[in-house]
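First the structure, in the form of structure tokens, and then the observations on it.
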Amino acid sequence: MSEKVITRFAPSPTGYLHIGGARTALFNWLYARAKGGKVLLRIEDTDQARSTKGAILAILDGLRWLDLEWDGEPLYQMTRAERHREVAEQLLAEGKAYSCYASPEELAAMRERARAEGRAPGYDGTWRDRDHREAPPGIAPTIRFKAPREGETVIKDRVQGRVVFANKDLDDLVILRSDGTPTYNLSVVVDDHDMDITHVIRGDDHLTNAARQTQIFKALGWQTPIYAHVPLIHGPDGAKLSKRHGALGVEAYRAMGYLPAALRNYLVRLGWSHGDAEIMSTDEMIQWFDLDAIGRSAARFDFAKLENLNGHYLRVTPDIEIVQRLKALVPELPDGVALGERIDADGWQKLERAMPGLKERAKTLVELLDSASFLFAKRPLTMDEQAAKLLDAAGREMLAALLPRLEDVSPWTLEALEASVRSFADETGRKLGKAAQPLRAALTGRSASPGIFEVLEVLGRDESLARIRDQAHAGNSA
RNA sequence: GCCCCCUUCGUCUAAUGGUUAGGACGUCAGGUUUUCAACCUGAAAACAGGAGUUCAAUUCUCCUAGGGGGUACCA
């Protein structure tokens with residue numbers, strides 16, 4: 001085995017890349033990068049009935065979006081089925097495995113009986129020592145691993161510590177299905193060995209599997225990798241993650257307008273910490289990450305904190321990058337296609353110019369886009385409830401009075417506009433807010449927006465004046 | 001049922017055999033302000049319960065409770 005650290009992320013392609021999987025991938029990636037090693041990607045598709053092409057694509061896509069590039073080509077475990085079968089045959093030949101002719105019905109009955117009698121529902125070992133000549137005809141057997149019945153199996157885990165399983169509690173598991181395909185526990189052992197995996201970092205739902213795999217490693221005379229079983233992520237209510245709260249594919253987070261950097265930063269702090277560090281760059285994560293600082297208790301998923309982090313990353317991301325991300329995001333949104341058509345080249349330019357004021361205020365890209373909608377709105381604007389309130393008689397009167405002042409502003413720059421409006425407010429004995437709020441309503445249709453002078457400037461002279469006239473005049477005719 | 005794991009503010013977590021148990025998010029109250037955010041200041045907020053070890057336990061041990069995972073010809 002090489003000295004170099006080799007980790008692997010090994011998702012099964014039976015669904016999207018969920019948030020727990022994403023964190024596992026991140027931990028594997030970080031550890032490999034921290035130690036100057038490699039992360040391999042292995043698609044565990046030995047269950048052909050449940051694996052789908054779409055899931056594989058979603059997983060690869062999710063990892064790329066999170067910017068967790070793996071080393072080398074992804075390995076599809078099924079392509080190694082022949083090798084797995086060889087190892088199973090070897091075990092069989094060495095008397096460390098045996099053929100089992102029990103039918104699914106018999107197994108179900110066996111479990112039923114065990115439950116009724118209050119025993120562990122595992123396989124009872126019927127065919128372990130039974131003569132093969134008693135095998136029922138026409139039945140393709142499974143191959144079962146002959147697990148040790150006495151003693152204990154100990155796993156030394158970098159997160160969980162020393163965990164001891166009594167061998168009597170671990171039954172003889174199927175390593176080769178009756179159709180000759182390998183099952184998970186065999187494939188994992190063979191591939192982890194053949195791929196020189198040094199560290200297995202995965203969810204602690206695999207803790208029992210670690211014991212079974214250790215037994216197989218031993219039977220094969222191979223050295224086990226170093227294990228690190230990370231606690232799972234729960235939903236906000238402490239229960240298992242469900243679709244309603246967080247057990248979404250990473251693409252769902254992308255569609256909700258989260259930034260990969262924010263999601264990574266959020267996930268790395270779920271179960272791992274480095275003193276009081278909260279916001280950290282990827283380089284810092286790599287520098288600081290280690291297995292020993294991973295906690296042993298499950299964490300709950302908290303959208304509020306993710307949002308806070310996302311807001312932070314939005315504020316520090318360059319404007320042009322945000323525009324690019326929005327361009328990529330828009331088609332994924334509900335009504336996104338229509339929205340995309342409404343935003344022309346000029347619209348995207350306006351968006352970029354308005355970005356400093358917009359990104360300051362948004363928690364997600366979706367929210368940002370929504371607050372930018374005034375940029376693309378067609379006159380006459382529809383007013384939301386708050387905006388309508390601001391445009392009462394006094395508000396409209398103010399606009400009518402302010403209008404000629406603005407018409408005289410030249411050049412149409414933020415500084416000149418601010419000077420003009422401020423002097424207007426001064427001279428007419430108004431607080432700035434009394435002028436700014438109706439103006440904001442007229443220009444954006446809302447009561448909250450980026451700074452009003454930025455809005456005027458980005459909208460441009462003609463559009464701004466037209467929007468103000470719409471409201472000033474509407475007041476007269478009403 | 002059986003096996004395994006876990007338990008510090010609402011949430012993520014830090015630290016320690018002797019501390020005012022720290023930080024962050026969220027909440028609340030102020031400040032700033034053209035709105036909303038952001039930002040600044042402050043506040044409330046935790047060692048699951050019970051035994052034991054010890055001069056001393058949040059920290060070590062055990063038990064209980066609660067939560068989670070596993071118990072497939074799934075991974």
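Chain letters run A, B, ... following the sequence lines, proteins first and then strands; every chain starts at 1. The structure displayed is predicted, hence computed values, not measured ones. Worth knowing before you read on, the calculation uses all heavy atoms, side chains too, and leaves out hydrogens, waters and symmetry mates.
Nucleic acid contact for Leu270(A): sugar-phosphate only, since backbone atoms but no base atoms lie under 4.0 Å from a heavy atom of the residue. Counting non-hydrogen atoms under 4.0 angstrom, His229(A) reaches nothing in the nucleic acid. Using a 4.0 Å heavy-atom cutoff across all strands shown, Phe453(A) reaches at least one base atom of the nucleic acid. Residue Ser297(A) is classed as a sugar-phosphate contact, given heavy-atom separations below 4.0 Å to backbone atoms only. Looking at heavy-atom distances under 4.0 Å, Pro11(A) makes no contact with the nucleic acid at all. Here Glu360(A) lies in heavy-atom contact (under 4.0 Å) with a base. At the heavy-atom level, Val188(A) lies nowhere under 4.0 Å from the strands shown. Gly271(A) comes within 4.0 angstrom of sugar-phosphate atoms only, judged by non-hydrogen atoms across all strands, and of no base.
The side chain of Thr208(A) has G70(B) as its nearest neighbour among G70(B), C25(B), A75(B). The Ala448(A) side chain lies nearest to C36(B) when the options are A75(B), C36(B), U34(B). Closest to the side chain of Ser273(A), out of A14(B), U34(B), A75(B), is A14(B). For Lys305(A), whose side chain is taken as the heavy atoms from C-beta onward, the closest listed nucleotide among C73(B), C4(B), C12(B) is C12(B). Picking from C12(B), U71(B), C73(B) the nucleotide with the shortest atom distance to the side chain of Arg269(A) gives C12(B). Ranking U34(B), U13(B), A37(B) by closeness to the Ile452(A) side chain, first place goes to U34(B). Nearest nucleotide to the Ser178(A) side chain, out of A75(B), U35(B), C73(B): C73(B).
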Output side-chain donor-acceptor pairs under 3.5 Å for residues 294-307 of chain A, partner residues at least two apart or in another chain, one line each.
| from | atom 1 | to | atom 2 | distance (Å) |
| --- | --- | --- | --- | --- |
| Arg300(A) | NH1 | Pro236(A) | O | 3.3 |
| Asp302(A) | OD1 | Ala304(A) | N | 3.2 |
| Lys305(A) | NZ | Glu278(A) | OE1 | 3.2 |

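Contacts with RNA chain B (heavy atom under 4.0 Å) in residues 361-376 of chain A: Arg361(A), Lys363(A), listed by number. For RNA chain B, the residues of residues 311-319 of chain A within the heavy-atom distance limit of 4.0 Å (strictly under) are Arg315(A), sorted by number.
In this structure, Arg144(A) is positioned above the aromatic face of Tyr123(A), its NZ or CZ under 6.0 Å from the six-membered ring centre and within 45° of the axis.
Remark: the Arg430(A) side chain and the Thr428(A) side chain contain an N/O donor-acceptor pair separated by less than 3.5 Å.
Between the P atom of A75(B) and the CG atom of Leu186(A) lies a distance of 11 Å, rounded to the nearest Å. Ile59(A) places its CD1 atom 11 Å from the C1' atom of A75(B), with the value rounded to the nearest Å. The CG-P distance, from Leu17(A) to A75(B), rounds to 19 Å in whole Å.
Using a 4.5 Å cut-off on side-chain heavy atoms (C-beta onward), Leu66(A) and Trp29(A) make no contact.
Note on Arg440(A): every side-chain N or O is 4.0 Å or more away from OP1 and OP2 of U34(B). Contact annotation: Arg50(A) side-chain N/O to A75(B) OP1/OP2 distance is not under 4.0 Å.
A72(B) is unpaired under the criterion used here, namely a Watson-Crick or G-U wobble arrangement in which both key atom distances are under 3.5 Å. The base-pairing partner of A15(B), taking Watson-Crick or G-U wobble contacts with both distances under 3.5 Å, does not exist among the strands shown.
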